[in-house]
There are 2 protein chains.
Amino acid sequence: MNKIRPGSRDAIIEAAFQTFNARPGASLGDVAAHAGVGRATLHRHFSSRSVLMVALARTAVDELNAAIEMAVAGATSHTEGLRRALAATIPLAERQWFLAHEPVLEDPAVAAAYQADRKELHNEIDAAKAEGTFDDAVPTRWIAESYENLIYAAWALVRDGELTATQAADLAWRTLTEGLAGAK
Amino acid sequence: MNKIRPGSRDAIIEAAFQTFNARPGASLGDVAAHAGVGRATLHRHFSSRSVLMVALARTAVDELNAAIEMAVAGATSHTEGLRRALAATIPLAERQWFLAHEPVLEDPAVAAAYQADRKELHNEIDAAKAEGTFDDAVPTRWIAESYENLIYAAWALVRDGELTATQAADLAWRTLTEGLAGAK
DNA sequence: TGTTCATGATACATATATGTCTCATTTGAG
DNA sequence: CTCAAATGAGACATATATGTATCATGAACA
């Protein structure tokens, strides 16, 4: 065996996330250049553009699942689990955004994993409802959609350096559960 | 003068919004076909792809401004104005999404109009803070980002037929101001 | 009815992205 | 040091999108 640059594949995936998030229509040449790799090498790792896209999607799903699993590990309630999962997702929001808005979801395996995650979120929200965290009268789907979109909001402020990840997570959770009303 | 199809331009813009929202990398041929128009005719109205993109952006900005202006007309407070603007924006969210995520914002005029709208939103939020609607301690930028992202959430549920526009607007406003906490 | 003009279809040249291939170079293993 | 393997550079054919130009058609208008 002789692998000269075992990190090439990871470097390409990393560069692809950054490049495609900045410009979804970017060429593979742009990605390769950003990864500091020849275009031919990119094709050696990912035979076609769509193969690369699916790899990105799988990476995003796997990273999210791993991050959430680790974050939720010691949670004492479904509510606390949701809160920790929200905080853990914020740094990964850019890749989740990529996953949600790229037509990669036509890939069966990716679509299945994505739907499974959404289903799991709905289950946790229902469990949190039972714990009294959310109003039973509010549709679970709305809570889930708010949850996800507030994560994007949080990520935007963290990205722009206006808030720390912790501050953003706290604000997002407060918004979701208590809202932003004034004291008066 | 002799204009056989005065609606061509509007039809193209409409088709472009739909086509690009479904697939941002779609070709002008796709757009023309979706508009029921020849590709040559599309180029007669919009000389290049970027010209079309800027036209879409301007359309989105103008539509949003018009809708908000009309909705806010009789508002008795900044808070009520924000609430009405939120409801009025939900049906236009798809186009706002297009505007926010397409690199069209490099166009100076579009970027200026976009920034002006954001600035105006911040001003209204500050005014609503003064009315006691929002906690002064919460960054205005966070409220604005939550406001916009909850609009996307509302639009998603309306699009999927799970809520009416009114229901979605009410839920988004409640989430923003009071949160989704249960009664217990 | 005849004229005008937007239209659709089509051809065309150009540019760019893609995927394959070759080859000299470099890197790491033995 | 020697050798095998991966790499970068580049050539190459192909596909697709783009923008322009041409032309016959048909609808509106006088």
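Quick caveat: nothing in here was measured; it's all calculated off a predicted structure. Below, chains carry the letters A, B, ... as their sequence lines are ordered, and counting in each starts from 1.
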- request: For Glu69(A), look at atom CD and say whether over 12 heavy atoms of other residues, nucleotides or ligands are found less than 6.0 Å away.
  value: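 Atom CD in Glu69(A) is not packed in, count stays at 12 or less.
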- prompt: Could you go step by step and tell me if Leu180(A) and Trp142(B) meet the side chain to side chain contact (heavy atoms under 4.5 Å, CB included) rule?
  reply: CA-CA 10 Å; Leu180(A) 303 174; Trp142(B) 170 256; 4.0 Å; yes
Ser8(B) side-chain N/O to dA6(C) phosphate OP1/OP2 under 4.0 Å: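 No.
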d(CD1, Ile12(A); P, dA6(D)) in whole Å: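 Computing the Ile12(A):CD1 to dA6(D):P distance gives 14 Å.
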Are [X] and [Y] connected, step by step, through hydrophobic side chains (Ile, Leu, Val, Met, Phe, Trp, Tyr) whose heavy atoms are closer than 4.5 Å?
{"X": "Leu157(B)", "Y": "Tyr147(A)", "value": "yes"}
{"X": "Leu92(B)", "Y": "Leu121(B)", "value": "no"}
{"X": "Val51(B)", "Y": "Met53(B)", "value": "yes"}

task: Over 60° means perpendicular and under 30° means parallel, so classify the ring planes of Phe98(B) and Phe17(B), tilted if in between.
output: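 Correct class here is perpendicular.
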- prompt: When you look at Thr164(B) and Thr166(B), which way does the side-chain hydrogen bond (donor to acceptor under 3.5 Å, both in side chains) test go after all the steps?
  reply: CA-CA 5 Å; Thr164(B) 68; Thr166(B) 303; 4.6 Å; no
- prompt: Listed by chain and number, what are the ring-ring contact (aromatic ring centres under 6.0 Å, His included) partners of Tyr114(A), not counting sequence neighbours?
  reply: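 Residues passing ring-ring contact (aromatic ring centres under 6.0 Å, His included) with Tyr114(A): none at all.
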message: Does the protein touch nucleotides 14-23 of chain D at the base, only the backbone, or not at all? Give it as B, S and - per nucleotide, heavy atoms under 4.0 Å.
response: ---SBBBBB-
field: Inter-axis angle, terminal five-pair segments of the helix from dT1(C)-dA30(D) to dG30(C)-dC1(D) [nearest 10°]
entry: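 Rounded value for the end-axis angle: 30°.
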